[in-house]
Amino acid sequence: MSATHPNAVPPFRSRIGRDARSGFPAVPHRYRLHLTPSCPSSLRIAVTHSLLGLRDVLPVTSLPAVPDAPDGGYVALRPLYEAGAHLYPGPALAPVLSDDWTGRIVSTHTPDIVQDLTRRFGGPTGPDLHPHGADAHIKSIGRLCDRGINAAAQRAGQAGADVAARDDALATLLRGLGSLERRLTSADHLLGERLTAADVQVWVTLVQLDTVHRWHLDAEAVYRITDHPRLWSCARRLAAHPAFAAHLDLDGIALRHHAHCRGSEAAGAAVRIVDWPPYGGQVMSGGSCAGRTAGSLPRAGDGVT
């Protein structure tokens, strides 16, 4: 499967504050993001950054798709990590939000970075991706993505696991997708009629499911995954939005996956779920994801190979 370093407790987790007393006030041009869109956490931040129109406020340094340090981290990030923690023992991983004034890391915690970009730098004309009162719902969907989809998909495709364990993981994965599908039955987006951070995280999760986890699942499992038409239709429509499409580096995701993958390819690798649009897709029309079918999705019996 894809190689990601367990990092349950982020090594750096400061916050961008409302004023100078916070230590990291929301000052334009002070901070920098270090991202590689081949990594799902970086992709989530990159899409958020573009949706908020922060290109001229908070610059981004792009990193290679595959980490270049022997320990699985990035050579370019090592000075930042060691500035914040002398002789930092772990790999220097992306994403990173750094402070150009001090040369230190502010945060490596993706949910905090996404929330701070929205609430501290998002302008009055941009989307409110973290509306007040929605934090609990966004966190709940985030847990579902992390545990009920990503972790479950990895277990379902784990080489050497017994059949019962893989079946149980697949059932967990399908329940997670079903929960998200039901949310789109009567709403355009996961939390109602507006795009939020929850939609961005679910989109990144679906990209990972199709471009990474699918390679280790059998064909029947992938066909069952496709049977969530509203969800996959929404993923396709968001992928056509420039803020999403501009960061969808399919080649980079493949490079990162195959550079570290230790699992064996399964029959599901041949069943493409979504024809992801090329770089620089057009703006989605209408903006609604609910009630639409995933027309081009393959189904069991279609003879897809």
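When reading the values below, keep in mind they use all heavy atoms of this one structure, side chains included, and skip hydrogens, waters and symmetry mates. Numbering of residues begins at 1 and proceeds along the displayed sequence.
Applying the 6.0 Å contact sphere to CZ of R30 captures more than 12 heavy atoms from other residues, nucleotides or ligands. Within 6.0 Å of CZ in R224 there are 12 or fewer heavy atoms belonging to other residues, nucleotides or ligands.
A side-chain donor-acceptor contact under 3.5 Å links R256 to the backbone of A65. Remark: side-chain polar atoms of R120 are paired, donor with acceptor, to backbone N or O of I16 under 3.5 angstrom. Judged by distance alone, the side chain of D249 and the main-chain N or O of S38 form no donor-acceptor pair under 3.5 Å.
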Applying side chain to side chain contact (heavy atoms under 4.5 Å, CB included), run through L117 and L33 and close with a yes or a no. CA-CA 11 Å; L117 291 183; L33 289 165; 4.2 Å; yes
Check the pair D210 / W276 against side chain to side chain contact (heavy atoms under 4.5 Å, CB included), numbers first and verdict last. CA-CA 10 Å; D210 190 19; W276 299 102; 2.9 Å; yes
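Ring orientation note: the planes of H216 and H257 are nearly perpendicular, at an angle over 60° on the 30°/60° scale. Using cut-offs of 30° and 60° on the angle between ring planes, the pair F121 and Y31 is perpendicular.
Looking at D128, I141, L191 one by one, the single match for side-chain contact (heavy atoms from CB on, under 4.5 Å) with T196 turns out to be L191.
Note that CG of L77 and CG of D68 are 8.5 Å apart. Values are rounded to the nearest 0.5 Å. Rounded to the nearest 0.5 Å, atoms CG (L93) and OH (Y74) are 8.5 Å apart. Here T205 contributes atom OG1 and H213 contributes atom NE2; the two are 8.5 Å apart, rounded to the nearest 0.5 Å.
Here the side chains of D100 and H29 are not in contact, with every heavy-atom distance at 4.5 Å or above. Side-chain contact check for P95 versus H34: every heavy-atom pair is 4.5 Å or farther apart.
Side chains of Q115 and R15: a donor-acceptor N/O pair is present below 3.5 angstrom, by distance only. No side-chain donor from either of R104 and S98 sits under 3.5 Å from a side-chain acceptor of the other. In the model, T172 has a side-chain atom that pairs as donor or acceptor with a side-chain atom of R175 under 3.5 Å.
Under the 4.5 Å side-chain heavy-atom criterion for ILVMFWY residues, a single connected hydrophobic cluster contains both L250 and W203. Following chains of ILVMFWY side-chain contacts shorter than 4.5 Å, one can reach L80 starting from Y88, so the two form part of one hydrophobic cluster.
Looking at D116 and R119, no side-chain N of the basic residue comes within less than 4.0 Å of a carboxylate O on the acidic one, giving no salt bridge.
For H258 and W215, the distance between ring centers is under 6.0 angstrom.
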